[in-house]
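Letters A, B, ... are given to chains in the order of the sequence lines, protein chains preceding strands, and every chain is numbered from 1.
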Amino acid sequence: MHIPDGFLDPRVAGLFWLGSGVAIGLAVRRARGELGDERTPLLGVVAAGIFAAQMLNWPIPGGTSAHFVGGAFAGILLGPSLGVLAMTAVVTIQAFVFGDGGIVALGANLFAMAVVDVLVGYALFRACRGVHETGAAAIAGWGAITVSALVVGLGVGFSSAFAYAVGTTVPIMVVGHALLGLVEGAITAAVYGYVADARPDLVLGRSADEAAAPEVGA
Amino acid sequence: MEPVIDARGLTHAYPDGTTALRDVDVTIRRGERVAVVGANGSGKSTLQLALGGLVAPSAGEVTYFGETTDAEAVRERLGVLLQDPDDYLFNTTVREDIEYGPAQLGLPRERAERRVAALADELGLTDLLERPPFRLSGGEKQRAAVASVLAFDPDVLLLDEPFGAVDAHYRARIRDLVTAHDGTVVLFTPSLDAVPEIAERVVVVDRDGTLAADAPARDVLTDRDLLSDVGLRPPTTVRLFAGLVDDDAIPLTVAAARDLLDDARSALDPQRRR
Amino acid sequence: MEPVIDARGLTHAYPDGTTALRDVDVTIRRGERVAVVGANGSGKSTLQLALGGLVAPSAGEVTYFGETTDAEAVRERLGVLLQDPDDYLFNTTVREDIEYGPAQLGLPRERAERRVAALADELGLTDLLERPPFRLSGGEKQRAAVASVLAFDPDVLLLDEPFGAVDAHYRARIRDLVTAHDGTVVLFTPSLDAVPEIAERVVVVDRDGTLAADAPARDVLTDRDLLSDVGLRPPTTVRLFAGLVDDDAIPLTVAAARDLLDDARSALDPQRRR
Amino acid sequence: MSGVLARTVETITGALRAVFAAERIADADGFLQRRDPRVALCALAALALGVVLTRTLGVALCFAALTAALARLSAVPLRRLFARSAVVPLVSALVVLPQAVLLPGDALLRVAGLAVTDAGVAYVLLFTVRVGVGVALLSLLVLTTPFSAVVAALRDLRVPVALVWVVAVTYRYLFLFFDELQRLVLARNSRTTGETGLRGGWRDARRIAGTFFLRTLDRGERVGRGMRARGGARPPSPYGRSRRLDAGDCALLALAGVAVVASGVMRWSP
Ligand SMILES: Nc1ncnc2c1ncn2[C@@H]1O[C@H](COP(=O)(O)OP(=O)(O)OP(=O)(O)O)[C@@H](O)[C@H]1O
Ligand SMILES: Nc1ncnc2c1ncn2[C@@H]1O[C@H](COP(=O)(O)OP(=O)(O)OP(=O)(O)O)[C@@H](O)[C@H]1O
Ligand SMILES: [Mg+2]
Ligand SMILES: [Mg+2]
């Protein structure tokens, strides 16, 4: 759901830049506090792993396949600030290496996929993990995608450059992604379950504020 | 000479419970050339990481240069080359990787560039400098990793298996660079053939992670019983000449073996042999 | 014997423009033991991937078993062991990795388990079977990868540098397993010392990615000019005995060299020597 | 090779091929390739902003012409650029197509009882061209500026060091992991026969993704050691590579500046 240039009004795009700038700036500050300057780069290794995992195709009925977005998973695995940084790297590379999205719209894409997706996923997971771990991961994956779609719908809907208004864009984006989000939630839960089984030390029994990436966390 | 690395009672268990090192005491003195050998899985790489201050041992302590137990305080004097070059080369291009160390030390740009050019030339990397390190062949990666650690000229080199994938030509180049290094060198390797040309002292790690021996190279390399106890085989030249000449006359390097054979030339001549 | 792999005009350029193979013709026949040697970066691994059907060559064609050019159709008959074991081991535990092939081929459970147990025993992996493969030491990983490719008993083994990080003891075990394999074996390696014990034919890749030679092992391994032209060094035994005995009498393996020396024993005796 | 996992290999191969193709052009000699990466980045961003600002088809077409001219000067084949950047605007055009009848205005023609209005058609055209030019500008940046240069530019533009390094390291390991994932799948397939169903497919994907993440985390730990071994407790501080701006750089910056201002003036002037 990368937004290309031309969909957003300059003002809306500017607001998104401001929002992601502030959020990412805070994430950088907090990450420095958590890791120190010299170890932050390491996050790139995990970010690259998430990026590569997005390439993995998961079969869905009807002979087609879906893939992973991973924002919520990044939030769950790394915590909010490191998760935001990791997904920022992913979205930036998608733009400047693969040409996804647009230059002016990068701020909006960062806001939706690196900020909202991660933070909502993390918050939902924290809120629900007491009830059921894997279920919480599924809800986090589903909810994060749906809320980011809502953000995109709002941004595009409030832009006069795009002729449809919020009344159209929001329902379409939200309903569409709430359905796609089911797959994302299932994938997030599957991967989370697997990682939690194999490395409980990484994800369980830690205070949820702690980053879970190794070296990064230890 | 004063010790540059002094480890007492080093023990390391990985988080899953595998104990890789048990109560290892070892002292490396300034200017020494030491080889740490052992079978696969004996704990050489773990020992290297612990001596280099890159894993915190479960027990025991390492003192650096007789002054500190904090490896970070002397980081730029330690050149720890990891076994897997994919872990060691993390920059976008080979040039940036070789330059990384000098840049971190604040070496002036021109000096760093000269050093990179010289090392690249020596290790056949000149045409590969602008390539990303993940687009190299196995041996090229390993050479780039060696260049990266030599680039910042650390006092102590701790090299984990720098020869594995390298061909014979560059093996000799690396060996020359390492022997020409005017600091301390510790080589970690499971294969003994490269040892005599570099090391004068050999530390043997047993399969259970304890030290089995720490003695001059000749004593260890010609001690077939010791080596077979720890799951190693003597170097090729020792296997060829053991029992044929006295233990202290066994040639350890190929060059020495060749000299010995040249001396004995007539006996090998097929006409005379039968 | 009929060809099992027949490559015509193989050329491969990586997408960034590096040409790693140029117009290579090579035929591997059933039951042959071939070594492909070359300096670092000459294109051995690229050739292996192309012969194994894991990269599509830019030009040229590979025919398998004289019947198809589609490697996927004969996938289970090709055992392509990649150079980096990290790429080859993808299951959660070493056991699952070794079992994976037999399970996929539908081997009955008990037979598969016996096979895994036998291979694990042979390669010293028995205690490591329940470990994740990425938590092994360098040499252990490589042994696990070798076990995984041998487990499904492919007709053709294409092994890229299976010895690099392995210690001498397990090197010999792997060599025995490979020589005991009753199919075709192609070994890709930059180091010639392991070649004579496995291969009877040697293919030499030049540094520009062309073939420089394809001849019986002895002819190639004793041809010092050819080898130095392509940036390689002869095996240790050849370096020791070249010029001292006739070229066709040069021992190629350490065992043969030792026999030769035993015969010439008296000449080496220090008392008699001077 | 069977099923969905095989598609993974194709996805990765396709993505890599695109990157490689872009790198080939980025290596060529051309106007944009010779620019300081900071200038290329800022100028193309400014042009994209100019396009976004405009509300006139004529101006949008001028930007299209400018983009094409830059592409020509930079040895980027126009067909390649077009092929790369055609899909998104075409899909977008389909999305806004109903506006041709929804927007009030003078009827141009009637289709199936619906009036296609002039305002509607003008909007659809403007929108499509704007999106198309936006995508083309980004593609142009991708095709002429290697990512390592983008990273260097970000550094010089004082984006926080920590962030730039996360991006650089991500890029570095991305390809290693693409390779690793691709080979994981190939290695799996090289020992797999027969079709797997939906459940089997999920089980495989779950296993591969899970193992892959665990490996990634361990790899992170080991790379961390590598970095520590060479960097010490300092934040990474590589040598700067920036150079003085030359005439071409200044010309491009001036052009981009003028274009943005002109586009802005035309938008907001009554
Ligand atoms: N990350 C890890 N987690 C758990 N155990 C490990 C890990 N890495 C290594 N080990 C185990 O610790 C022991 C020592 O490993 P180490 O890598 O130090 O061996 P090594 O002597 O370097 O072997 P090699 O010659 O194969 O490189 C081995 O038994 C190995 O299986
Ligand atoms: N992914 C890649 N992209 C671009 N070039 C590559 C890539 N992989 C390898 N090369 C280049 O292709 C050439 C052949 O590489 P290859 O890996 O086949 O060499 P090799 O003979 O196996 O060497 P080694 O003994 O070091 O393993 C080398 O020049 C190498 O730099
Ligand atoms: Mg090791
Ligand atoms: Mg290779």
Side-chain angles (χ1 to χ4, degrees), chain B residues 14 16 18 20 38-46 83-84 86 124 128 131 135-140 142-143 160-161 164-172 190-193 231-233 236-237 239-241 244-246 249 254 257-258 260-270 273-274, chain C residues 14 16 18 20 38-46 83-84 86 124 128 131 135-140 142-143 160-161 164-172 190-193 231-233 236-237 239-241 244-246 249 254 257-258 260-270 273-274:
Chain B
Y14 281 96
D16 67 355
T18 316
N40 289 148
S42 56
K44 299 178 298 298
S45 299
T46 312
Q83 184 163 6
D84 187 344
D86 278 328
L128 306 174
R131 285 251 208 112
R135 302 239 178 92
L136 300 179
S137 82
E140 289 166 348
Q142 205 158 20
R143 278 145 47 191
D160 196 357
E161 187 57 340
V166 175
D167 63 31
H169 176 75
Y170 285 107
R171 238 172 239 225
S191 139
L192 304 195
D193 279 331
L232 290 173
R233 285 211 299 187
T236 308
T237 53
R239 285 196 283 145
L240 285 177
F241 292 95
L244 294 182
V245 298
D246 285 350
V254 176
R258 177 73 205 208
L260 178 61
L261 287 178
D262 278 337
D263 286 350
R265 173 158 208 160
S266 53
L268 292 166
D269 202 301
R273 223 167 71 242
R274 272 166 236 258
Chain C
Y14 281 97
D16 67 355
T18 317
N40 287 150
S42 55
K44 299 179 298 296
S45 299
T46 313
Q83 182 164 7
D84 186 347
D86 276 328
L128 306 173
R131 286 253 211 111
R135 299 264 168 73
L136 300 178
S137 83
E140 289 166 349
Q142 206 160 22
R143 277 145 47 190
D160 197 356
E161 186 59 338
V166 176
D167 64 32
H169 176 76
Y170 285 107
R171 239 171 239 227
S191 138
L192 305 194
D193 278 332
L232 292 173
R233 286 212 298 188
T236 308
T237 53
R239 286 196 284 143
L240 285 176
F241 291 95
L244 294 182
V245 299
D246 286 349
V254 176
R258 176 73 205 208
L260 177 62
L261 288 176
D262 279 338
D263 285 350
R265 173 156 208 161
S266 53
L268 293 165
D269 201 303
R273 224 167 69 240
R274 270 167 239 256

| C:Asp84, part contacting chain B, at a heavy-atom distance under 4.5 Å | side chain
| Who wins among B:Asp193, B:Val254, B:Thr237, B:Leu128 for the most heavy-atom pairs under 4.5 Å with chain C? | B:Val254
| request: Measure the shortest side-chain to side-chain distance between C:Arg258 and B:Leu244 over non-hydrogen atoms and say whether it is less than 4.5 angstrom. | output: yes
| note | For C:Glu140 and B:Gly41 the tightest heavy-atom approach is OE2-CA, 3.3 Å
| message | Under 4.5 Å from any heavy atom of chain C, what part of B:Asp16 do you find: side chain, backbone, both or neither? | response | side chain
| query | What distance separates B:Leu240 CG from C:Thr236 OG1, expressed to the nearest 0.5 Å? | reply | 8.5 Å
| message | Using a 4.5 angstrom heavy-atom cutoff, name the option from C:His169, C:Gln142, C:Arg131 with the most pairs to chain B. | response | C:Arg131
| Choice from B:Ser191, B:Ala168, B:Gly231 maximising heavy atom contacts with chain C below 4.5 Å | B:Ala168
| task | Considering non-hydrogen atoms only, spot the tightest contact between B:Ala165 and C:Glu161 and give its length. | result | CA-OE2, 4.4 Å
| Can you name the closest pair of heavy atoms from C:Gln83 and B:Gly138 and give their distance? | NE2-CA, 3.9 Å
| said: For the interface with chain C, which of B:Arg143, B:Lys44, B:Arg171, B:Arg135 has the highest count of heavy-atom pairs at distances below 4.5 Å? | reply: B:Arg143
| In Å, rounded to the nearest 0.5 Å, how long is the span from CG of C:Leu261 to CG of B:Leu261? | 6.0 Å
| query | Okay, side chain of C:Asp167, backbone of B:Asn40: is any donor-acceptor separation there less than 3.5 Å? | reply | yes
